[in-house]
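To find a chain, count down the sequence lines: A is the first, B the second, and so on, and within it residues start at 1.
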Amino acid sequence: MTTLTISARQPFSFLSVVNSHGWVQLAPFNFDKGTETLTYILRLSSGRVLDLILLAAPGGVRVETDDLGPAEEDEISRTVAWMLALDQDFSAFYAEARKEPKLAHVEAKAQGRVLRSPTLFEDVVKTILTTNTLWAATKRMTANLVEQFGDPLPGDPDRKAFPTPERLAASTPEALKNGTRVGYRAPYVHELAVRVASGELDLEALKGFDLPTPELRKRLLAIKGVGAYAAANLLMILGRYDFLPVDSWALKVVSHEWHDGQPIGKAEVESAFERWGAFKGLAYWFWDWAYFHQEK
DNA sequence: GGTAGACCTGGACGC
DNA sequence: GCGTCCAGGTCTACC
């Protein structure tokens, strides 16, 4: 067994990242609340499938997995650093958040990071699977996708990695739809897989691109199945917070926060966070909503 | 540039 | 039981 300890830019809270959004509930992630252990079935670039066990450690995170070669160790360190956004700096956001009682908690809790999948491909697919459906269905669709098309973990083949673009591209929209119950999203997922697998679309390159956010957003919106909400969600994952992922949940919490629970539209959500500029997404995401404090 | 209508799926709800 | 509605929206056609 190998144990790696990876340091994070401070302040850092392992649990704040894990609980930053629902991603932790999507396969091949799993979180054990009792032991506060995050597991993830990772497929390395070599094709080797490993079970990563992640735990909080002083100054960062501890990773336990099978015996590794030096190159694999390096790949896992880089992957985990991306997944937990270990290098991200939120000091400018915290400076603004200190002036807002509804965000007073973020610095002490080291909030700001959002949990990411190893590849942007996986996060785009998962985001498409969150659209126009219930969260329970998103979890089911993702689990089905992993179960049907993921590479198995040696020694425990019931546990599988997230499918590669190549594997999904080799399938058909019909097989995807019938096997995973993703419904009308099947052609979107398949087309994305084909474009990525063929090399036409280099999604992973977008991680490091220094493009202005509107240009990055255009690239994301060019993906079938990715609209305004999905693009904003993916921009958050890419560390850009200029756009709000306005969904039915946003309409609900903003309505209860400032409009007495009355029906509102996207414009009201945008207007509520306009003043946060480049930190819009963060302010929205980590806001201490009144909705959480009332009887529901 | 803005907006109806259709869209897989499967729980929740009303009858 | 059965029909309708709708959910962490997006696309297309049409204006």
Task: Whole angstrom value for the distance that separates P of B/dT9 from CG of A/Asn144 - done: 12 Å
- [ ] Rounded off to whole Å, could you give me the CE-to-P distance for the A/Met141 and C/dG9 pair?
- [x] 11 Å
Open item on the list: Can you tell me if A/Arg185 touches the phosphate of B/dT9, counting only side-chain N or O atoms and a distance under 4.0 Å to OP1 or OP2?
Closed with: no
Task: Donor-acceptor pair (no angle test) under 3.5 Å: A/Tyr184 side chain, C/dG9 base - done: yes
Open item on the list: I need the CZ-P distance between A/Arg181 and B/dG11, as an integer number of Å.
Closed with: 11 Å
Task: Proximal nucleotide (of C/dG8, C/dC11, B/dG11) relative to the A/Trp135 side chain - done: C/dG8
TODO: Report yes if some heavy atom in the side chain of A/Val80 is under 4.5 Å from a heavy atom in the side chain of A/Leu4; otherwise report no.
DONE: no
Open item on the list: Nearest to the A/Lys224 side chain among B/dG10, B/dC8, C/dT12, which nucleotide is it?
Closed with: C/dT12
- [ ] For DNA chain C, determine which residues of residues 242-268 of chain A have any heavy atom closer than 4.0 angstrom to one of its atoms, and list them numerically.
- [x] A/Asp247, A/Ser248
Open item on the list: Between C/dA13 and B/dC8, how many Å separate the two P atoms, rounded to a whole number?
Closed with: 15 Å
Open item on the list: In terms of relative ring orientation, are A/Trp287 and A/Trp258 parallel, tilted or perpendicular, with 30° and 60° separating the classes?
Closed with: tilted
Task: Heavy-atom donor-acceptor pair, A/Thr2 side chain to A/Asp66 backbone, under 3.5 Å - done: yes
Open item on the list: If I take atom CG in residue A/Asn132 and atom P in nucleotide B/dG5, what distance separates them, rounded to the nearest angstrom?
Closed with: 16 Å
- [ ] Just call it for A/Thr130: base, sugar-phosphate, or nothing, with non-hydrogen atoms closer than 4.0 Å on any strand.
- [x] sugar-phosphate
Task: Length of the line joining A/Lys139:NZ and C/dG8:P, which is rounded to integer Å - done: 12 Å
Task: Protein-nucleotide distance (A/Ile128, atom CD1; C/dT10, atom C1'), rounded to Å - done: 10 Å
Open item on the list: Whether A/Arg116 and A/Glu122 form a salt bridge (side-chain N of Lys/Arg under 4.0 Å from carboxylate O of Asp/Glu) is what I want to check.
Closed with: no
Task: Length of the line joining A/Asn233:CG and C/dT10:C1', which is rounded to integer Å - done: 15 Å
Task: Inter-nucleotide P distance (B/dG5, C/dC5), Å rounded - done: 14 Å
Task: The single option from A/Trp135, A/Trp285, A/Tyr291 passing ring-ring contact (aromatic ring centres under 6.0 Å, His included) against A/Trp249 - done: A/Tyr291
Open item on the list: Mind checking if A/Gly183 touches a base, just sugar-phosphate, or nothing, with heavy atoms under 4.0 Å?
Closed with: base
Open item on the list: Under 4.0 Å between a side-chain nitrogen and a carboxylate oxygen: does that hold for A/Lys177 and A/Glu174?
Closed with: no
Task: Check: A/Glu204 side chain, A/Leu120 main-chain N or O, donor-acceptor pair, under 3.5 Å - done: yes
Task: Nearest-angstrom distance from the residue atom CD of A/Glu191 to C1' of C/dT10 - done: 13 Å
TODO: Tell me what A/Ile223 touches on the nucleic acid: a base, only sugar-phosphate, or nothing, going by heavy atoms under 4.0 Å.
DONE: sugar-phosphate
Open item on the list: Counting only Watson-Crick pairs (N1-N3 plus N6-O4 or O6-N4) and G-U wobbles (N1-O2, O6-N3), all under 3.5 Å, who is the partner of B/dA6?
Closed with: C/dT10
Open item on the list: Taking C/dG8 as the reference, what is the distance to B/dA4 when you measure between their P atoms (whole Å, please)?
Closed with: 23 Å
Task: B/dC13: pairing nucleotide in any strand, Watson-Crick or G-U under 3.5 angstrom - done: C/dG3
- [ ] Considering only NZ, NE, NH1 and NH2 on the basic side and carboxylate oxygens on the acidic side, decide whether A/Lys266 and A/Glu268 come within less than 4.0 Å.
- [x] no
Task: Residue A/Ala228, side-chain heavy atoms: nucleotide from C/dT10, C/dG8, B/dG10 that is nearest - done: C/dT10
Task: A/Tyr188 side chain, from C-beta outward: closest of C/dG8, C/dC11, C/dT10 - done: C/dC11
Task: Single hit among A/Arg159, A/Arg43, A/Lys160 for salt bridge (charged side-chain N to carboxylate O under 4.0 Å, His left out) with A/Asp51 - done: A/Arg159
Task: Of A/Leu221 and A/His21, the one whose closest DNA chain C nucleotide lies more 5' - done: A/His21
Open item on the list: For C/dG9, does the base pair up with any side-chain atom of A/Tyr229 as donor and acceptor (N or O, under 3.5 Å, distance only)?
Closed with: no
